[in-house]
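What follows is one structure encoded as structure tokens, with my remarks underneath.
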Amino acid sequence: NAGVTQTPKFRILKIGQSMTLQCTQDMNHNYMYWYRQDPGMGLKLIYYSVGAGITDKGEVPNGYNVSRSTTEDFPLRLELAAPSQTSVYFCASGLGREKLFFGSGTQLSVL
Amino acid sequence: AQRVTQPEKLLSVFKGAPVELKCNYSYSGSPELFWYVQYSRQRLQLLLRHISRESIKGFTADLNKGETSFHLKKPFAQEEDSAMYYCALIQGAQKLVFGQGTRLTINP
């Protein structure tokens with residue numbers, strides 16, 4: 001039972017490049033979330049999903065896109081990377097909202 | 001807007017001393033509040049939720065609606081309590097929003 005798996009763990013992007021952060025969970029959770037954590041700050045919600053085919057914006061969705069074609073996967077797409085997107089990204093899943101299981105994070109630098 | 005505020009970014013106490021990590025919230029309704037913890041080199045994980053009225057690893061948190069607070073307390077700190085602590089609030093139907101976090105350091 002792997003839980004929530006995020007790839008890659010680290011990535012450096014150039015301004016204007018695009019990439020997809022992968023997130024997969026094997027717990028059959030309906031709820032999945034993407035958060036970003038800037039240095040010295042709390043976690044901010046980017047996007048979330050309550051089930052396959054359903055996604056919604058969080059607090060800071062600009063510059064990101066998501067899809068949820070399966071229960072297991074919830075990739076986060078960055079189009080036209082900007083330095084402001086340098087952050088640590090966390091994916092999480094849960095049966096409901098109350099108890100979330102987090103991935104180990106992806107550290108992204110945009111230079 | 002519904003939000004969670006943790007006024008202390010850093011908190012340092014000595015082993016055996018009482019610990020209180022502060023959390024204040026703004027919410028129009030009955031809030032659902034949580035404490036999450038991230039130990040060094042580990043993933044963020046749920047510590048406790050107010051609705052359960054539980055004590056986990058010696059920590060308790062009481063919801064005070066009058067003061068809109070949900071402070072996390074432990075009477076005697078242990079070195080293994082050193083971690084990053086986040087207060088969180090359910091916002092709307094599905095979203096869990098977090099405070100800025102408090103880094104707790106327990107000195108020997």
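Reminder, nothing fancy here: chain letters follow the sequence lines and each chain counts from 1.
- Residues of residues 44-58 of chain A that come closer than 4.5 Å to chain B, counting heavy atoms only, are A:Leu45, A:Tyr48, A:Val50, A:Lys57, ordered by residue number.
- Follow the hydrophobic side-chain contacts under 4.5 Å out from B:Tyr36 and you reach A:Tyr35 in the same cluster.
- Following chains of ILVMFWY side-chain contacts shorter than 4.5 Å, one cannot reach A:Tyr31 starting from A:Phe74, and the two form parts of different hydrophobic clusters.
- Within the 4.5 Å cutoff, the side chain of A:Phe90 has no heavy atoms near those of the B:Leu44 side chain.
- Hydrophobic clustering, with ILVMFWY side chains joined whenever heavy atoms are under 4.5 angstrom apart, groups B:Leu72 together with B:Val97.
- Atom-to-atom distance recorded for B:Arg43:CZ and A:Phe101:CZ is 11.0 Å, nearest 0.5 angstrom.
- Under the 4.5 Å side-chain criterion, counting only non-hydrogen atoms from C-beta, A:Leu100 is not in contact with B:Leu46.
- Annotation for B:Tyr39: atom OH counts as buried by contact number, over 12 foreign heavy atoms lying within 6.0 Å.
- With contacts defined as side-chain heavy-atom distances shorter than 4.5 Å, the pair B:Arg49/A:Lys99 qualifies.
- The distance from the CZ atom of B:Phe98 to the CD atom of A:Glu59 is 10.0 Å, given to the nearest 0.5 Å.
- In the hydrophobic clustering of ILVMFWY residues, with side-chain heavy atoms under 4.5 Å counting as a link, B:Leu21 and B:Ile56 come out together.
- Heavy atoms of other residues, nucleotides or ligands lying less than 6.0 angstrom from CG of A:Leu95 number more than 12.
- Contact residues of residues 102-111 of chain A toward chain B are A:Phe102, A:Gly103, A:Ser104 (heavy-atom distance under 4.5 Å).
- Transitive grouping of hydrophobic side chains (ILVMFWY, heavy atoms separated by less than 4.5 Å) brings B:Leu96 and B:Met84 into a common cluster.
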